Amino acid sequence: MCGIVGYVGDREAAPILISGLRHLEYRGYDSAGVAVANGGPAEVVRCRGKLANLEVRVAAHGLHGNMGIGHTRWATHGRPSVENAHPHKVGPISVVHNGIIENHIELRRRLENAGRHFLSQTDTEIVAHLVDEALAGGAPNLVEAVRRALALLRGTYALVVLSDDDKQCVVAAKKASPLVVGLGDGEMFIASDVPALIEHTRQVMFLEDGEIAELTRTGVRLSSLDGAPITRAPETVVWDAAQAEKGGYPHFMRKEIDEQPRAVADTLRGRLLVEQGDADLDGFVIDPKQVRRVVLLACGTSYHAGLVGKFMIESTARIPCEVDVASEFRYRESVLEPSDLVIAISQSGETADTLAAVKEARAQGARVLAISNVVGSAIPRASDGALYTRAGLEIGVASTKAFTSQLAALALVAVHMGRRTSRWGRGGSGVNRARALATGLARIATDMEAALAGLADLEQLTGRFAGVRDVLFLGRGTNYPIALEGALKLKEISYIHAEGYPAGEMKHGPIALIDDGLPVVVIAPQGPSYEKVLSNLAEVRARQAAIIAVATVGDRQIEEQCQHVLWIPEAPPLLQPLLTVLPLQLLSYAVAVARGNDVDQPRNLAKSVTVE
Ligand code: M6R
């Protein structure tokens, strides 16, 4: 996730671009840059790190001009560095981009064979080359050159392009990544999100996928990819500045919950090879024949992702897996061998215990793959390889979209290993199991979207939690880690004590707690343990507890036995956690809001725990 701005008008562009980027810094801040044109060739200023560094550079450079583009980056391809910062300039063409170009390897190879030289590791530089190539190949103007370049791209993009040879116009295009035009009086703006525009105008036009916009001082012209003109009336936004930063949501956490289908789709993009029943782990190859055991290490929510990962890898690749809390692993006399594969999972990539565990694992000769959301952070750097989730910046302290993206990344690892294993299991050969998992993964983002759409406000449920001191979460199989995660979410932001338990263990102790004052959340989707969970549910019911179930759409049997049912679409058991966690995130959010808690910054917690 990156932030994009563009301006064309009569005012100095640089301060407008920088102020716009400041409102978009929540979308990424590992590097930033602007390109500003003043009649002559656009001048580009870029730097690593936060926007404050760019401000200093721009002031020192004395950038002047009335049109320009800017970018604040969240690295996906290429580490955070000056060369990888946007804008990328090739000949007269400057480009900023948010998204992922899936076919970047083949395009880059073709362009290099044609004698073109690359200065960065980004997928974006390819776009600048393609637009430049189209102009050199006879495209009559910038918009046509952009159109020809887009025809060659696969993947997602929000692009804004500036040409030294076109003094009037900035061209933008959108597919799956957001872009909004701001209409001023004698000036036009474009940005990834409304907050960047709101100090200049409240008249906006949201671009749709497959649309191209040409911005001049006096107006905006929209067209489709094949050149057909599009007419759209501007709309007026009424948000205040703080609301705008959260995209109109009251809290970042609520926004991040809704972003999950996109985050998961982005994490799978270009890596999940459905037709081949395979997954490309960004070039990190795992040969299961060389792996004796997989050890997953993490803390908190990432640890819960690891617990689900164990199910995915064991049942798809048939390699034994262990999951360990990093702070326990590092202080035990843990035993690893060079034939062990360690997978370290960390949203921030900075968690002190996970980092120490990675160092210990490598010292013992194990190979380490990091799954992280932050490109170039400490844990990926200390590992042998990294598979980055593409959740985008997560601001809410309670992790949501990073968690489901980690599950998607772990599913990719399972597909990759299953495809290469020679071990057979219940689902047949590894090839068959990998194919089945890949097929399920291909539709999971759509199912998540459907689940979220069906789980409107859970406010009516919060009454059940008023005055409650404890809540029990029960689940089995792949949904036991989700019971743990549901309980953690509730503890973190509502400050209600909650326990996650394997449903089968209830009779071995926790059943003593159950009475009419203890709400019990039972995760009971259709699957191999469904009947067993139903029996557990009956035992809870017999003790008068209020039951809230998470169940598969259309399950009438469960509806009759519970006070409230939160529905999710049908999914294979290995992928159910990506769905069953959604109502639990929403539930904890609703309860925390009803209690008046600070949802995004709960008491005593920090987003990343960089001390022991
Ligand atoms: O950045 P990490 O994934 O390494 O962080 C691990 C935990 O600190 C984190 O998941 C924490 O439990 C979250 N606040 C959970 O919502």
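First listed ligand is number 1; within each ligand, the first listed atom is number 1. Bear in mind that the values here come from a model prediction, so they are computed numbers and not experimental data.
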inquiry  = Out of the candidates Glu259, Gln406, Gln260, only one should pair with Lys401 under the side-chain hydrogen bond (donor to acceptor under 3.5 Å, both in side chains) rule; please name it.
reply    = Glu259
ask   = Taking only heavy atoms of Val397, which atoms of ligand 1 are found under 4.0 Å from at least one of them?
value = 13 (C), 14 (N), 16 (O)
Between Asn373 and Arg390: side-chain donor-acceptor atoms closer than 3.5 Å = no
ask   = Less than 6.0 Å separating the ring centroids of His251 and Tyr589?
value = yes
query = Is there any N or O on Thr354 that sits under 3.5 Å from an N or O of ligand 1?
reply = no
request  = Decide whether an N or O pair under 3.5 Å exists between Ala398 and ligand 1.
outcome  = no
inquiry  = For Arg332, is there an ion pair with Asp324 - N to carboxylate O distance below 4.0 angstrom?
reply    = yes
remark   = Taken in chain and number order and not counting sequence neighbours, the residues that satisfy side chain to side chain donor-acceptor pair (under 3.5 Å) with Arg443 are Asp447
message = Could you work out, with ring-ring contact (aromatic ring centres under 6.0 Å, His included) as the rule, every residue matching His86, not counting sequence neighbours?
response = His71, His88
query = In ligand 1, which numbered atoms sit nearer than 4.0 Å to a non-hydrogen atom of Glu492?
reply = 13 (C), 14 (N), 15 (C), 16 (O)
note = A student checking ligand 1 against Ser346 at a 4.0 Å heavy-atom cut-off should list atoms 1 (O), 2 (P), 3 (O), 4 (O)
query = Would Asp340 and Arg292 pass as an ion pair if we require N to O under 4.0 Å?
reply = yes
query = Is it the side chain, the backbone, both or neither of Glu350 that has a heavy atom closer than 4.0 Å to ligand 1?
reply = neither
query = Of all the atoms in ligand 1, which lie at a distance below 4.0 Å from a heavy atom belonging to Ser302?
reply = 2 (P), 3 (O), 10 (O)
query = Can you find an N/O atom of Thr301 closer than 3.5 Å to an N/O atom of ligand 1?
reply = yes
message = I need the atoms of ligand 1 closer than 4.0 Å to a non-hydrogen atom of Lys489, numbered in the order shown.
response = 15 (C), 16 (O)
